[in-house]
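Comments concern the structure below.
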Amino acid sequence: MPAKVAVNGYGTIGKRVADAVSLQDDMEIVGVSKMSPNFEARLAIERGYPLYATTKEVLPKFEKAGFKVHGTLENLLKEADLVIDATPEESGFRAAYEKAGVKAIWQGGEEHSLTGLSFNAAANYAECLGAKFVRVPSCNTTGLIRTLYPLDVHFGVDHVLAVLVRRATDPGDSKKGPINAIEPELEMPSHHGPDVQSVLPKLNIHTIAVKVPTTIMHLHAVSVTLKRKATVDGVLDAWRRTPRLTFVKGGEGVKSTAQIMELARDLSRSRSDLYEIALWEDGVHVVDGRQLYYFQAVHQESDVVPENIDAIRAMLELERDGRKSIERTDRSLGIPTPAA
Ligand code: NAD
């Protein structure tokens, strides 16, 4: 019997995770819940996901708009083994999940303290086996962990400074800015460094963030002081054996995030998503053996999607071996498996 997964909050992240769940043979979507009867609610019905209203209060809005709903979130939770919470940050459903006795995964808008356990498939799958509540950290944090964890394993990381150039909002949003400005995050370090440490507690990392008027991707400029000497080839080789990374070359005309997303469209995946973190191969530099510099780009809407699938497998113990779960998830999403 496939595991039963509900999605609370069918927006940017929720709809992608729902589609990814439905591609797996060991889990299925039993329903999605929404606050408003909008085009995404229509999409859920068209995709065959039973639609639920989040609360009793919003239920009449769905009926009035002519949407067939199967009840409220409370009803949906009774059908599920696990709920993906992809609602905006601090929506406050933990008590409801506890009452229903259902396991839950939150997204990166939430604090680590909500669950005490943050997940990255390559770094700490085993720690989350059987867990009740887990958080998948944000797109930026996931991106940093993807490249820093293998560096720490292969060369040892002494310390990191990452400068995050953040997209202002998602492409489907027409409300948020900055419109024509660059906005520094004045908090130091930005929340991303401590967030990386929620998965890699011993990693010595500082982060600086600025928001810019783009919607398609984040870009990170990363400076890493390694404990052991490395070469550019050695670093690339370690990354090539790491799941969910992909490589681009400025020398082949990939000069910016615009060409990376063009490449992603050429892959013809669902929604043109790029689940992997894109690394500029010719932007990797090593100075004096231990000082590494690199650039990476993060497709904010989708890099956390495979992590959610692996987190489901770990928490419901559908697969005890993280590496095998990653392979299954990646095969289903069309992500190439790295060389052994
Ligand atoms: P979104 O606004 O696209 O979708 C949120 C969904 O929750 C919508 O379906 C909305 O109807 C519903 N909702 C709104 N208010 C609600 C409430 N009070 N109670 C219940 N449901 C409510 O948001 P998103 O971008 O998918 O973000 C969801 C979570 O994922 C957040 O924690 C966010 O930080 C995180 N995240 C977002 C991105 C991204 O780039 N969009 C990347 C990684 C993680």
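Remember, it's 1-based here, ligands and their atoms both numbered in the order they're listed. Atoms considered below: every heavy atom in the structure, side chains included; atoms not considered: hydrogens, waters and symmetry mates.
Among all non-hydrogen protein atoms, the one lying nearest atom 25 (O) of ligand 1 is Thr12 CB, 3.6 Å. The protein non-hydrogen atom at the shortest distance from atom 18 (N) of ligand 1 is Ser91 OG, 4.0 Å. Protein heavy atom closest to atom 22 (C) of ligand 1, with residue, atom name and distance, is Met35 CG, 3.3 Å. The protein heavy atom nearest to atom 42 (C) of ligand 1 is Gln300 O, 3.1 Å. With hydrogens left out, the protein atom closest to atom 4 (O) of ligand 1 is Gly11 CA, 3.3 Å, a heavy atom.
Counting protein heavy atoms under 4.0 angstrom from atom 40 (O) of ligand 1 gives one or more. Protein heavy atoms are absent from the 4.0 Å sphere centred on atom 2 (O) of ligand 1.
Close approach of ligand 1 to Phe93 (heavy-atom distance below 4.0 Å) involves ligand atoms 19 (N), 20 (C). Listed by number with element, the atoms of ligand 1 under 4.0 angstrom from any heavy atom of Pro88 are 5 (C), 7 (O), 13 (N), 14 (C), 15 (N), 16 (C), 22 (C). Listed by number with element, the atoms of ligand 1 under 4.0 angstrom from any heavy atom of Gln107 are 29 (C), 30 (O), 32 (O), 35 (C). Close contacts of ligand 1 with Ala86, meaning ligand atoms under 4.0 Å from a residue heavy atom, involve 5 (C), 6 (C), 7 (O), 28 (C). Listed by number with element, the atoms of ligand 1 under 4.0 Å from a non-hydrogen atom of Tyr10 are 9 (O).
Within a 6.0 Å sphere centred on CD1 of Ile182, other residues, nucleotides and ligands contribute 12 heavy atoms or fewer. Heavy atoms from other residues, nucleotides or ligands lying under 6.0 Å from CD of Gln197 number more than 12. Within a 6.0 Å radius of NZ in Lys324, other residues, nucleotides and ligands contribute 12 heavy atoms or fewer. Environment of CD in Glu281: crowded, with over 12 heavy atoms of neighbouring residues, nucleotides or ligands closer than 6.0 Å. Within a 6.0 Å radius of CZ in Phe295, other residues, nucleotides and ligands contribute 12 heavy atoms or fewer.
Here Arg167 has side-chain heavy atoms under 4.0 Å from ligand 1, and that is the only part of it that gets that close. Under 4.0 angstrom from ligand 1, there are no non-hydrogen atoms of Trp106.
Considering backbone and side-chain atoms together, Glu110 places no N or O closer than 3.5 Å to any N or O of ligand 1. Of the polar atoms of Asp170, at least one N or O is found under 3.5 Å from an N or O of ligand 1, judged by distance alone. Backbone and side-chain nitrogen or oxygen atoms of Gly109 are examined, and one is located within less than 3.5 angstrom of a nitrogen or oxygen of ligand 1.
No side-chain donor from either of Glu301 and Thr12 sits under 3.5 Å from a side-chain acceptor of the other. Between the side chains of Asn8 and Tyr97, a donor-acceptor pair is found at a separation under 3.5 Å. Ser138 and Thr141 are linked by a side-chain donor-acceptor pair at a separation below 3.5 angstrom, with hydrogens and angles left out of the test.
Ligand 1 has at least one atom lying under 4.0 Å from a heavy atom of Lys34.
Here the shortest heavy-atom pairing between His285 and Asp282 reads NE2-O, 3.8 Å. Contact detail for Ser198 and Arg135: the closest heavy-atom pair is OG-NH2, 3.1 Å.
A cation-pi contact links Arg42 to Phe67, judged by a cut-off of 6.0 Å to the six-membered ring centre and 45° from its axis.
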Worked check of side chain to side chain donor-acceptor pair (under 3.5 Å) between Ser256 and Gln259
CA-CA 6 Å; Ser256 75; Gln259 289 85 40; 2.9 Å; yes
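By heavy-atom distance, the residue among Thr87, Ile13, Asp85, Val304 lying nearest atom 36 (N) of ligand 1 is Ile13.
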